[in-house]
Amino acid sequence: MARTATLAASKETSVADLAAEIQTLRDDLGSLTGTLSELTKVKGHEVTHMAAQKADAVQQKATEAAGFVSARAKDAQDQAEDFVQKQPATALGIAAGVGFLVGMMSARR
């Protein structure tokens, strides 16, 4: 009988210990969840900030490229206008030749 009472007492102690351990695990899990949530928010803000910086850099490069292309196109246009003014007969001959070639190529289809 004494042995049965000791086993019953140790089982109750074990159940109480297990309940305490389970509560400790729940608290730790809640703490970990909170920490992960905060870490996710911080990393999310960092990623958003880095993406915004990259987007700004790309936009700046695109603006520079557009300016460069626009300047080159303006230079080419100025050169073409200058050529036409200085040599109108040659320019008219080149235009007629290009027109003839385009006409021939489109007629073959």
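Annotation: the span from Lys61 atom NZ to Asp56 atom CG amounts to 13.5 Å, rounded to 0.5 Å. If you take CG on Leu18 and CD on Glu21, they are separated by 7.5 Å, rounding to the nearest 0.5 Å. Taken to the nearest 0.5 Å, the CG atom of Leu101 stands 10.5 Å off from the OG atom of Ser106.
No single ILVMFWY cluster, assembled from side-chain heavy atoms under 4.5 Å apart, contains both Val58 and Met50. Criterion: ILVMFWY side-chain heavy atoms under 4.5 Å apart, direct or through other members. Under it, Val98 and Val84 are not part of a common hydrophobic cluster.
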Could you give me the CA-CA distance, side-chain angles and deciding distance for Lys43 and Glu46, then say whether salt bridge (Lys or Arg N to Asp or Glu O under 4.0 Å) is met? CA-CA 5 Å; Lys43 289 296 181 182; Glu46 289 177 8; 3.6 Å; yes

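Glu81 and Gln77 are linked by a side-chain donor-acceptor pair at a separation below 3.5 angstrom, with hydrogens and angles left out of the test. With 3.5 Å as the limit, one finds a donor-acceptor pair spanning the side chains of Asp27 and Gln23.
Leu36 approaches Thr40 most closely through the heavy-atom pair O-OG1, 2.7 Å.
Panel note: side chain Thr33, backbone Leu29; a donor-acceptor pair is recorded below 3.5 Å.
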